[in-house]
Amino acid sequence: MLIGELSERTGVSRRLLRYYEQQGLLEPVRQTNGYREYCDQAPNVVGHIRSLLAAGLPTAMIAGVLNCVQGDPAEPVLSGCRGMVDGLTAERARVAAEIERLTTSQRALDVLLEAAIHAPE
DNA sequence: TTTCTTACA
DNA sequence: TGTAAGGA
């Protein structure tokens with residue numbers, strides 16, 4: 001299918017679809033006229049890209065994960081990506097650290113707000 | 001009509 | 001990201 005159809009079926013703009021290609025996330029073949037030709041799995045792949053992006057994964061890592069993610073984006077099926085586990089584990093650790101940092105900020109704000117409640121006008 | 005690339009707002 | 005330009 002051409003970019004227009006893929007765009008309609010995924011709700012992702014043509015512009016963004018071309019951007020995904022630039023990032024190495026999608027690799028459509030080119031017709032003789034230069035038009036991008038996407039495979040039947042493209043809609044699913046785009047779905048995976050969106051969920052992976054939502055998970056906060058950097059595009060560089062998404063490119064790798066896409067090679068072993070299949071099926072409906074709602075219920076991803078992973079196969080043969082043991083090599084990805086380390087990367088994903090590291091990413092999870094990064095997210096956990098971020099949560100800790102934010103939690104610390106939240107506590108600091110709570111202390112301030114608590115003090116504000118008792119502060120005189 | 002649809003798509004392509006490049007580049008600017 | 002949207003959009004315009006200039007082609008195919």
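Proteins get letters first, then strands, A, B, ... in listed order; numbering begins at 1 in each.
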Specify the separation, in whole Å, of atom [atom1] of [X] and atom [atom2] of [N].
X: Q31(A); N: dC4(B); atom1: CD; atom2: C1'; value: 12 Å
X: N33(A); N: dT5(B); atom1: CG; atom2: C1'; value: 14 Å
X: L6(A); N: dT3(B); atom1: CG; atom2: P; value: 11 Å
X: R30(A); N: dA8(C); atom1: CZ; atom2: P; value: 17 Å
X: E8(A); N: dT1(B); atom1: CD; atom2: C1'; value: 13 Å
X: Q22(A); N: dC4(B); atom1: CD; atom2: C1'; value: 13 Å
X: R14(A); N: dT1(B); atom1: CZ; atom2: P; value: 13 Å
X: Y38(A); N: dC4(B); atom1: OH; atom2: P; value: 7 Å

*Kindly determine whether R36(A) and E21(A) satisfy salt bridge (Lys or Arg N to Asp or Glu O under 4.0 Å), including the steps that lead there.*
CA-CA 10 Å; R36(A) 272 167 268 250; E21(A) 182 180 352; 2.8 Å; yes
*asked:* Please find the pair of heavy atoms, one from L25(A) and one from T59(A), that lie closest to each other, and give the distance.
replied: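 Closest heavy-atom pair between L25(A) and T59(A): CD1-O, 3.5 Å.
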*Could you tell me whether the phosphate oxygens of dT3(C), OP1 or OP2, come under 4.0 Å of any side-chain nitrogen or oxygen in R15(A)?*
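The answer is no; no side-chain N or O of R15(A) sits under 4.0 Å from OP1 or OP2.
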*asked:* Please determine whether a side-chain nitrogen or oxygen atom of R36(A) lies at a distance below 4.0 Å from atom OP1 or OP2 of dT3(B).
replied: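 False: R36(A) side-chain N/O out of range (4.0 Å or more) of dT3(B) OP1/OP2.
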*Give a yes or no on whether a donor-acceptor pair under 3.5 Å exists between the nucleobase atoms of dT2(B), that is its base, and the side chain of Y35(A).*
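By the distance-only test, yes, there is a pair.
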*Examine distances only and state if a side-chain atom of H48(A) and a backbone atom of G71(A) form a donor-acceptor pair shorter than 3.5 Å.*
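Such a contact is found between H48(A) side chain and G71(A) backbone.
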*Could you state the interatomic distance from CD1 (I62(A)) to CG (L53(A)), rounded to the nearest 0.5 Å?*
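If I round to the nearest 0.5 Å, the distance is 4.5 Å.
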